[in-house]
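A short worksheet on the structure shown next.
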Protein chains: 2
Amino acid sequence: MSDNDLVLENFLPYRLSYLTNIISRRLARLYSGEFGITAHEWKILANLNRHPDISAAEVGEKTAMDKVAVSRAVSGLCYKGLVDRKISQQDRRRSVLNMTAEGKKIYGQIKPLVIDYEKSLLNILSPQELSLFDQLLDKLTRHVETD
Amino acid sequence: MSDNDLVLENFLPYRLSYLTNIISRRLARLYSGEFGITAHEWKILANLNRHPDISAAEVGEKTAMDKVAVSRAVSGLCYKGLVDRKISQQDRRRSVLNMTAEGKKIYGQIKPLVIDYEKSLLNILSPQELSLFDQLLDKLTRHVETD
DNA sequence: TGAAATAAGTTTCACTTGTAACTATAATTA
DNA sequence: TAATTATAGTTACAAGTGAAACTTATTTCA
């Protein structure tokens, strides 16, 4: 067996995926339990908070979700009364999405939980380590994004 | 709006998940297309290569997969003739799993593709950066593993 | 012993997700 | 301007996934 044999525990894509899965599960617990929000729905709420009046396609761009996932999550949010969907008068194919008052309220309740979780996660790293990790993550991401 | 508002593009769990998803998709292409192997199946092959004669439960431990996923992936591999499943004579509930000759052949074909992909991924980082990223990843993983 | 509890693995059911087909509207161009 | 092409979003179908129930085998301990 060659000495560059494949050892999953050392294989970086696998380790990255392992870490990410744990973190995603923990985060999902924050919104799924008490609030009944899925990860996709949460991502959309966070985007509508920053960018009101955007369309489903724009949500898709900003969240890297495909349009079917966006459609389903937006439907779920509308059904729960957290998002309001209007038809654009400029282009009647497009939707114009916004959080409702109730949506903003829920968003405001979940946001601190999520931010606290991120803090608790990152407090194991020193400021220098965090900054480095940040840069390396960016570097890798820019690298893999070039198809 | 508070200044520690939630901005997904800066939110580390989101960025980690984004990077991981791209990498996982690319990797999956390496085995799914030509070889018809799923990511789960591939993980199991890689484990059986290093640890012959293990049981489904042991595969589960080593891959962090749940037992249902292991059961299904092993069934798929047996059906394709890549893995051989015997009943343990010491404990007839347990299975004893091994790659077949054909399984080893396929494994040997996929392995270099996967290793090359990892190399192409990491060659954007200097040896120092890589070593740092490695350490930080470990540190974060150990941190989140403590429930 | 033998009844109850535990363990390995599979099957089932409900839910999620991805791909492709479809509907409705808008833009293009012959 | 009418026919074609492209776009936004939804629906339908198939495949994947997770939780719980189930089957068979083993262990525990009264």
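All figures in this text were calculated on a predicted structure; none of them were measured in a lab. Chain identifiers are assigned alphabetically (A, B, ...) following the order of the sequence lines, protein sequences preceding nucleic acid strands; residue numbering begins at 1 within each chain.
The CG-P distance, from Asp91(A) to dA26(C), rounds to 6 Å in whole Å. What separates CG of Asp66(B) from P of dA8(C) is a distance of 14 Å, to the nearest Å. Straight-line distance from the CD atom of Glu58(B) to the P atom of dA8(C): 10 Å, rounded to whole Å. Atom CH2 of Trp42(A) is separated from atom P of dT16(C) by 19 Å (rounded to the nearest Å).
In this structure, Ser71(B) reaches the dT10(C) phosphate: one of its side-chain N or O atoms is under 4.0 Å from OP1 or OP2.
The span of DNA chain D lying next to chain A, judged by atoms under 4.0 Å from heavy atoms, is bounded 5' to 3' by dA6(D) to dA12(D).
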Step by step, work out the salt bridge (Lys or Arg N to Asp or Glu O under 4.0 Å) result for Glu102(B) and Lys80(B).
CA-CA 9 Å; Glu102(B) 178 69 11; Lys80(B) 289 167 197 156; over 6 Å; no
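Between Lys62(B) and Glu9(A) there is no salt bridge, since no side-chain N of the basic residue sits under 4.0 Å from a carboxylate O of the acidic one. Salt-bridge check for Asp53(B) with Lys86(B): failed, with every basic side-chain N at 4.0 Å or more from each acidic carboxylate O.
Set against dT19(C), dG9(C), dA7(C), the side chain of Arg93(B) has dA7(C) as its closest nucleotide. Side-chain proximity of Arg85(B) to dT25(C), dT17(C), dT10(C): nearest is dT10(C).
Heavy-atom neighbours of Lys104(A) NZ from other residues, nucleotides or ligands within 6.0 Å: at or below the threshold of 12.
Map Gln90(A) and His40(A) each onto its nearest nucleotide of DNA chain C; the residue landing nearer the 5' end is His40(A). Mapping Ala57(A) and Ser88(B) onto DNA chain D via the closest heavy atom, the residue that lands nearer the 5' end is Ala57(A).
Ser55(B) and Arg94(B) share a donor-acceptor pair across their side chains, judged by distance under 3.5 Å alone. Checked by atom type, the side-chain pair Tyr18(A)/Glu145(B) shows a donor-acceptor distance below 3.5 Å.
Contact annotation for Ser95(A): backbone-only contact, meaning every heavy-atom pair under 4.0 Å involves sugar-phosphate atoms and none involves a base. At the heavy-atom level, Ser55(B) lies under 4.0 Å from the strands shown only through sugar-phosphate atoms.
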